[in-house]
Amino acid sequence: MMDASKKRFRTTKMNRIAHLNGIRAFEAAARHYSFAGAAQELNVTPAAVGQQVRQLEEWLNVRLFNRATSGSSRLTLTEEGERAFPDIHRGFDLIGRGLNHLFDEPEEDLITVSASPSIASKWLLSRINEYQTQHDDIDILVETNVSLVDYAEHGIDVGIRYGLGQWEGMCAQHLMFEEIFPVCSPDFAEKYGLGDMPPHLLSDIPLLHDHSVPSSSGYPSWQEWSDCVDVELPKRLHGLKINDFASVTELARKGNGLALGRSRLIEDELKSGELICPFDMKKHQYRSRFCYFIVWKLNGEQSDQVDDFRHWLLSST
């Protein structure tokens, strides 16, 4: 004999559709790990999202979220919620694609690419012209985002991300490594005598700190550089902290401090001589654990054009 919890799934399809708002609220809250984030996306109040989720849980007789009253992760998925979320998320993704076919003109000759402003301006855009010359029948739309975005929601075909190669719901293919080393303007190096100064005497040198991803282990930092090249630095490193690598590079180029250069993003400045490594580069550079990856949505449909574009990216390194 079937127990009560299993009998609930013997309801009609119409009854299941009646809980569509609750399912949508669950899917959005699970992505944002927040009722407030889901509410902003769905244009309702957090209380309404919470109520819809509770009604869904009552109907299913299953708890989908663990709710905490304090801490950084107040909303987490239960084991049942973890099992259900991927298929429900893919379902809404497919619904969105279906609606796009109804309301939008097909854009088979458009490839939408996502990248951070730094990698887009310093590496990708200088190479796009080559691709467009070879494929003048295909348009490229480059969207720059500092934070990670939902590729399905924003209609993104492929992207370039900087990290360790693991992002939930995404496929990742290694694109290129990167070397990290100190850089500054020639005038700054001369002013502070950096060519003659051992790197461990940087306590009185204005340092620039890139805090684009400050909480990520492995993201290039002065401490990471110190550990990797075996140079002991002062216990306290003062200096300006900025959450944008392009701004850090610009300040270093103008002679405002010593920064950590990322080889893939400062190629032009090194070639022009606007930035230099004031120390022996062979001894004072390291290969970052963070790399560049080509990414696309897991289980997402990929056209031949997008596949060709990914292969072109790999050949452009």
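None of the values given here were measured: they were computed from a predicted structure.
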Hey, could you give me the [atom1]/[atom2] distance between [X] and [Y], rounded to the nearest 0.5 Å?
| X | Y | atom1 | atom2 | value |
| --- | --- | --- | --- | --- |
| Ile119 | Leu175 | CD1 | CG | 7.5 Å |
| Glu41 | Ser34 | CD | OG | 11.0 Å |
| Leu75 | Asn66 | CG | CG | 8.5 Å |
| Arg289 | Arg287 | CZ | CZ | 14.5 Å |
| Glu190 | Ile276 | CD | CD1 | 9.5 Å |
| Asp307 | Ile111 | CG | CD1 | 9.5 Å |

Between His174 and Phe177, ring centroids under 6.0 Å: yes
Taken in chain and number order and not counting sequence neighbours, the residues that satisfy side-chain hydrogen bond (donor to acceptor under 3.5 Å, both in side chains) with Gln223 are Asp227
Donor-acceptor contact present, side-chain [X] to main-chain [Y], <3.5 Å:
| X | Y | answer |
| --- | --- | --- |
| Ser263 | Glu179 | yes |
| Asp157 | Val306 | no |
| Ser185 | Leu275 | no |
| Gln132 | Ile138 | yes |

Using a 4.5 Å cut-off on heavy atoms from C-beta on, say whether the side chain of [Y] contacts that of [X].
| X | Y | result |
| --- | --- | --- |
| Gln173 | Leu314 | yes |
| Glu58 | Arg63 | no |
| Asp268 | Trp123 | no |
| Phe290 | Arg262 | no |
| Leu60 | Phe26 | no |
| Tyr151 | Val295 | yes |
| Ile156 | Glu143 | yes |
| Lys283 | Val231 | no |

| query | Can Glu269 and Arg253 be said to form a side chain to side chain contact (heavy atoms under 4.5 Å, CB included), step by step? | reply | CA-CA 8 Å; Glu269 288 82 358; Arg253 189 183 68 81; 4.3 Å; yes
Between Arg127 and Glu130, does any NZ, NE, NH1 or NH2 come within less than 4.0 Å of an OD or OE carboxylate oxygen?
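Salt bridge absent between Glu130 and Arg127.
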Would you name the heavy atoms of [X] and [Y] that are closest together and state the gap between them?
| X | Y | result |
| --- | --- | --- |
| Tyr131 | Gln305 | OH-O, 4.1 Å |
| Thr45 | Ala39 | C-CB, 3.5 Å |
| Pro46 | Ala36 | CG-CA, 4.0 Å |
| Phe65 | Ala29 | CZ-CB, 3.8 Å |
| Ile180 | Ser288 | CG1-CB, 3.8 Å |
| Pro278 | Pro182 | CD-O, 3.6 Å |

Quick check: is [Y] connected to [X] through a chain of hydrophobic side chains (ILVMFWY, heavy atoms under 4.5 Å apart)?
| X | Y | answer |
| --- | --- | --- |
| Met176 | Trp296 | yes |
| Tyr33 | Trp167 | no |
| Val248 | Leu265 | no |
| Phe245 | Leu251 | no |
| Leu56 | Leu77 | yes |

According to the interplanar angle, ranging from 0 to 90°, do the rings of [X] and [Y] count as parallel (below 30°), tilted (30 to 60°) or perpendicular (above 60°)?
| X | Y | value |
| --- | --- | --- |
| Tyr292 | Tyr162 | tilted |
| Trp222 | Trp225 | perpendicular |
| His209 | His211 | perpendicular |

Just wondering, are more than 12 heavy atoms of other shown residues or ligands nearer than 6.0 Å to [atom1] in [X]?
| X | atom1 | answer |
| --- | --- | --- |
| Asp204 | CG | no |
| Glu79 | CD | no |
| Glu274 | CD | yes |

Exactly one of Ile294, Leu124, Leu141 clears side-chain contact (heavy atoms from CB on, under 4.5 Å) with Val113, and that residue is Leu124
Paired with Leu208, the side-chain contact (heavy atoms from CB on, under 4.5 Å) test is passed by just one of Leu260, Leu258, Leu240, Thr249, namely Leu240
| task | Start with the C-alpha gap between Ile242 and Asp210, add the side-chain angles, then the distance that decides, and say whether side chain to side chain contact (heavy atoms under 4.5 Å, CB included) holds. | result | CA-CA 5 Å; Ile242 311 170; Asp210 176 16; over 6 Å; no
Would Arg161 pass as a cation-pi partner of Phe293, given that its NZ or CZ must be under 6.0 Å from the six-membered ring centre and within 45 degrees of the axis? no
Show, in sequence, the C-alpha distance, side-chain angles and deciding distance for Glu27 and Arg24, and conclude whether the salt bridge (charged side-chain N to carboxylate O under 4.0 Å, His left out) test is met.
CA-CA 5 Å; Glu27 191 271 343; Arg24 186 72 181 93; 2.5 Å; yes
*asked:* Would Arg67 and Val53 count as a side chain to side chain contact (heavy atoms under 4.5 Å, CB included) here? Give the steps.
replied: CA-CA 12 Å; Arg67 299 163 174 85; Val53 171; 3.6 Å; yes
Residues Tyr286, Glu224; criterion side chain to side chain contact (heavy atoms under 4.5 Å, CB included); working and verdict:
CA-CA 9 Å; Tyr286 75 96; Glu224 181 91 0; 3.1 Å; yes
*Show the numbers, then the answer: is there a salt bridge (charged side-chain N to carboxylate O under 4.0 Å, His left out) between Lys271 and Glu267?*
CA-CA 6 Å; Lys271 288 178 182 177; Glu267 292 175 348; 5.3 Å; no
Subject >> Residue pairs passing the ring pair (Phe, Tyr, Trp, His ring centres under 6.0 Å) test where at least one lies in residues 253-281, sequence neighbours excluded >> reply: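 Checked against ring pair (Phe, Tyr, Trp, His ring centres under 6.0 Å) - neighbours excluded - the pairs reaching residues 253-281 are Phe279-His284.
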